[in-house]
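Note sheet for the following structure.
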Amino acid sequence: MKKNKIALMLISAMAAAMPFSACTEDESSDAVKVDLTGITIKNVTCYVGDAVSIEKEFSPANANIRQLEFTSSDESVISVDNNGNIKATKKGTATITAKSVYYSNISATCTVTVNPSYIVFDANGGDGDVPEKIEIAEISDQNYELSKESNLTKDNSEFLGWGTKDGNVLESIKLEKQDTVWAVWTNNKYVDLGLTSKTLWATENLDGKYAWGETETKSAFTWDNYTLDTMVTINQTTYLNSTIYVLRKYITNEDMVSIMQNYEVSLSSDGITQLEEKDDAAIKNWGKNYAMPTQENIHELITECYWVYTENYNKTEQKGYIVYKAKSDNDRGVIASEEDSEYISADIAEDKDKNIEAQKADIHIFLPEGKYWSNQLSEEDDYAAYYMSALKEAEEQTKDLDDSQSTPNAQITDDETPAVGISIEERCKGLLIRPIRLQ
């Protein structure tokens with residue numbers, strides 16, 4: 001029994017030490033060996049940055065001993081692997097040699113010509129001058145900065161910059177291959193409502209809601225997460241450990257400054273009553289051709305247009321106001337029901353059977369029901385700003401600025417929020433934004 005065990009161990013050790021040859025696809029143990037007698041590889045013309053595979057022909061066609069080794073005469077122009085895959089890295093010419101691994105007398109060569117690549121600029125439907133194409137004579141790690149300045153124009157659109165065809169704006173592009181850079185345009189159209197100031201209003205809102213002076217939307221809006229205030233704990237005996245929210249910007253109320261100083265809270269007035277560019281959500285999100293409206297812009301929209309409330313805008317089930325360009329002076333500032341209005345918000349096709357004539361929609365914008373920020377601080381209260389209401393009905397509005405938070409001011413004292421009008425709201429609250437286009 002002991003001898004058998006030793007014999008088995010010896011056999012195992014010998015087996016482990018014996019060389020084995022794995023069969024390849026070309027050398028299957030079941031295949032009949034067919035010798036290779038010749039190879040041909042085809043010339044290639046490509047561009048800097050291209051990755052292509054060299055075409056190979058074997059003689060005879062059924063030869064199954066095909067393994068090759070590839071080399072390049074100039075690795076700085078063309079690199080190649082043993083599968084014949086080449087990478088063009090620089091303008092120029094190189095010779096690729098393919099040699100049989102098993103038949104030393106069999107080889108072939110081809111010429112690879114590498115032309116310069118170009119970055120081409122496409123106006124993407126716009127009119128005007130596009131930048132000259134950029135030649136790439138050699139792959140580079142250098143980034144080419146893409147300008148956001150351009151004289152290109154496109155109807156009802158704004159140039160955002162250069163980028164991908166699907167609309168992603170790029171800051172720069174690598175000079176590494178043939179490519180096309182596309183002009184990126186806003187989808188944010190605007191219309192001329194015939195206003196005295198010639199202000200153009202956008203036809204859609206910014207996505208989401210915003211606190212006044214913040215440029216990013218969020219899911220909750222309180223003084224706790226408002227970015228333009230600071231929570232301060234007062235340590236005076238009378239107000240020991242009382243927490244208040246102190247504004248850090250857009251402060252005009254000197255009385256409030258004095259009160260804060262009495263609480264030993266450092267505060268000073270900056271006298272700024274209108275949002276600066278960096279705090280304007282419309283500018284930040286849509287670019288410098290747009291901005292949040294002023295109180296005067298809103299007043300003009302309300303008093304010079306014809307407003308119609310609808311509960312099913314163009315059969316989309318959206319509630320809100322259709323704000324039309326007034327057809328006559330008598331229509332300016334009118335708020336009408338759909339039943340009483342002769343304005344139309346969608347094209348009407350001709351229907352001879354029903355004796356209906358084709359009509360184009362009247363010029364308008366649609367404001368989904370809600371409240372819309374202006375860019376102006378309230379004259380009454382630094383903790384509030386002006387907004388436009390576009391509501392079906394007026395709302396009562398006599399309340400503390402925020403019952404759950406402490407501020408040094410008392411109340412917003414308007415009796416009600418008008419259905420359509422201008423009122424004030426706490427700066428930390430989330431409201432809609434409808435931009436205007438700057439001339």
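The basis for the numbers below is simple: all heavy atoms, side chains too, and nothing from hydrogens, waters or symmetry mates.
With values rounded to the nearest 0.5 angstrom, Thr252 atom OG1 is found 9.0 Å from Asp381 atom CG. With rounding to the nearest 0.5 angstrom, the SG atom of Cys305 is 9.5 Å from the CG atom of Leu367. Here Asp351 contributes atom CG and Glu357 contributes atom CD; the two are 12.0 Å apart, rounded to the nearest 0.5 Å. Interatomic distance, Trp201 CH2 to Leu195 CG, rounded to the nearest 0.5 Å: 8.5 Å. Of the inter-residue distances, the one linking Ile78 atom CD1 with Ile96 atom CD1 reads 6.0 Å to the nearest 0.5 angstrom. Note that OG1 of Thr310 and NZ of Lys319 are 10.5 Å apart. Values are rounded to the nearest 0.5 Å.
Between Ile283 and Glu277, the shortest heavy-atom distance links the atoms CD1-CG, 3.7 Å.
Surrounding CD of Glu171 are at most 12 heavy atoms belonging to other residues, nucleotides or ligands under 6.0 Å away. Counting heavy atoms of neighbouring residues, nucleotides and ligands inside a 6.0 Å radius, atom CD of Glu379 does not exceed 12 of them. By the 6.0 Å contact criterion, NZ on Lys249 is enclosed, its count of non-hydrogen atoms from other residues, nucleotides or ligands being greater than 12. Atom NZ of Lys87 is surrounded by more than 12 heavy atoms from other residues, nucleotides or ligands within 6.0 Å. Heavy atoms from other residues, nucleotides or ligands lying under 6.0 Å from OH of Tyr47 number 12 at most. The number of heavy atoms from other shown groups lying within 6.0 Å of CD (Glu55) does not exceed 12. With a 6.0 Å radius and a threshold of 12 heavy atoms from other residues, nucleotides or ligands, Asp141 has its CG atom at or below the threshold. Atom CG of Asp207 sits in a sparse spot, with 12 or fewer heavy atoms from other residues, nucleotides or ligands closer than 6.0 Å.
Between Tyr226 and Tyr245, the ring center distance fails the sub-6.0 Å criterion. The six-membered or imidazole ring of Trp307 lies away from that of Tyr324, with a centre-to-centre distance of 6.0 Å or more. Taking the six-membered ring for Trp, Tyr383 and Trp223 have ring centres closer than 6.0 Å. Less than 6.0 angstrom separates the ring centroid of Tyr313 from the ring centroid of Phe366. Aromatic ring centroids of Phe159 and Trp185 lie under 6.0 Å apart. Aromatic pair Phe121/Trp162: centroids less than 6.0 angstrom apart.
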Run the numbers on Val323 and His364 for side chain to side chain contact (heavy atoms under 4.5 Å, CB included), then give the verdict.
-> CA-CA 5 Å; Val323 184; His364 70 279; 5.9 Å; no

Determine, stepwise, if the pair Lys198 / Glu300 fulfils salt bridge (Lys or Arg N to Asp or Glu O under 4.0 Å).
-> CA-CA 10 Å; Lys198 301 190 183 304; Glu300 183 182 52; over 6 Å; no

After noting the C-alpha distance and the side-chain angles of Glu204 and Arg434, does the key distance pass the salt bridge (Lys or Arg N to Asp or Glu O under 4.0 Å) rule?
-> CA-CA 7 Å; Glu204 59 186 64; Arg434 176 60 62 92; over 6 Å; no

Test log, rule salt bridge (Lys or Arg N to Asp or Glu O under 4.0 Å), inputs Arg427 and Asp382 = CA-CA 9 Å; Arg427 286 161 52 170; Asp382 286 350; 6.0 Å; no

Under the side chain to side chain contact (heavy atoms under 4.5 Å, CB included) criterion, do Met292 and Gln376 qualify, and how do the steps go?
-> CA-CA 9 Å; Met292 291 167 61; Gln376 287 185 264; over 6 Å; no

Could you walk me through whether Tyr321 and Tyr309 pass the ring pair (Phe, Tyr, Trp, His ring centres under 6.0 Å) test, one step at a time?
-> CA-CA 4 Å; Tyr321 282 92; Tyr309 183 81; 5.2 Å; yes

Steps toward side chain to side chain contact (heavy atoms under 4.5 Å, CB included) verdict (Val112, Asn43) = CA-CA 6 Å; Val112 178; Asn43 293 337; over 6 Å; no

Worked verdict on Leu247 versus Leu228 for side chain to side chain contact (heavy atoms under 4.5 Å, CB included) | CA-CA 6 Å; Leu247 298 172; Leu228 297 180; 5.7 Å; no

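Lys392 meets the salt bridge (Lys or Arg N to Asp or Glu O under 4.0 Å) test with Glu311; sequence neighbours excluded.
Applying the salt bridge (charged side-chain N to carboxylate O under 4.0 Å, His left out) test to every pair with at least one member in residues 320-334, sequence neighbours left out, gives these pairs: Glu304-Arg332, Lys327-Asp362, Asp329-Arg332. The stretch residues 63-93 participates, sequence neighbours left out, in no ring pair (Phe, Tyr, Trp, His ring centres under 6.0 Å) pair at all.
Contact annotation: the side chain of Asn82 never approaches that of Leu68 to less than 4.5 Å [non-hydrogen atoms, C-beta and beyond]. Looking at heavy atoms from C-beta onward, Lys278 lies out of side-chain contact with Lys284 at the 4.5 angstrom threshold. Ile39 is listed as a side-chain neighbour of Ile106, based on a closest heavy-atom distance under 4.5 Å. Ile119 places a side-chain heavy atom less than 4.5 Å from the side chain of Leu175. Using a 4.5 Å cut-off on side-chain heavy atoms (C-beta onward), Ile173 and Leu146 make contact. The shortest distance between side-chain heavy atoms of Val44 and Asp50 does not fall below 4.5 Å. Contact annotation: the side chain of Val191 approaches that of Ile365 to within less than 4.5 Å [non-hydrogen atoms, C-beta and beyond]. Thr215 places none of its side-chain heavy atoms less than 4.5 Å from the side chain of Asp280.
Side-chain atoms of Trp373 come within 3.5 Å of backbone atoms of Tyr210 as a donor-acceptor pair (strictly under, hydrogens ignored). Judged by distance alone, the side chain of Asn312 and the main-chain N or O of Thr316 form a donor-acceptor pair under 3.5 Å. The closest donor-acceptor contact from the side chain of Asn285 to the backbone of Ala281 lies under 3.5 Å. Proximity of a side-chain donor or acceptor of Ser374 to a complementary backbone N or O of Tyr386 within less than 3.5 Å is detected. Distance alone, capped at 3.5 Å, is enough to place a donor-acceptor pair between the Asp347 side chain and the Ala361 backbone.
Residues Ser147 and Glu149 have side chains that never bring a donor and an acceptor to within less than 3.5 angstrom of each other. Counted by atom type alone, Lys91 and Asn115 present zero donor-acceptor pairs between their side chains at under 3.5 Å.
Salt bridge Lys371/Glu395: present, at least one basic N to carboxylate O contact under 4.0 Å.
Both cation-pi conditions hold for Lys133 and Tyr118: the charged atom is under 6.0 angstrom from the six-membered ring centre and inside a 45 degree cone around its axis.
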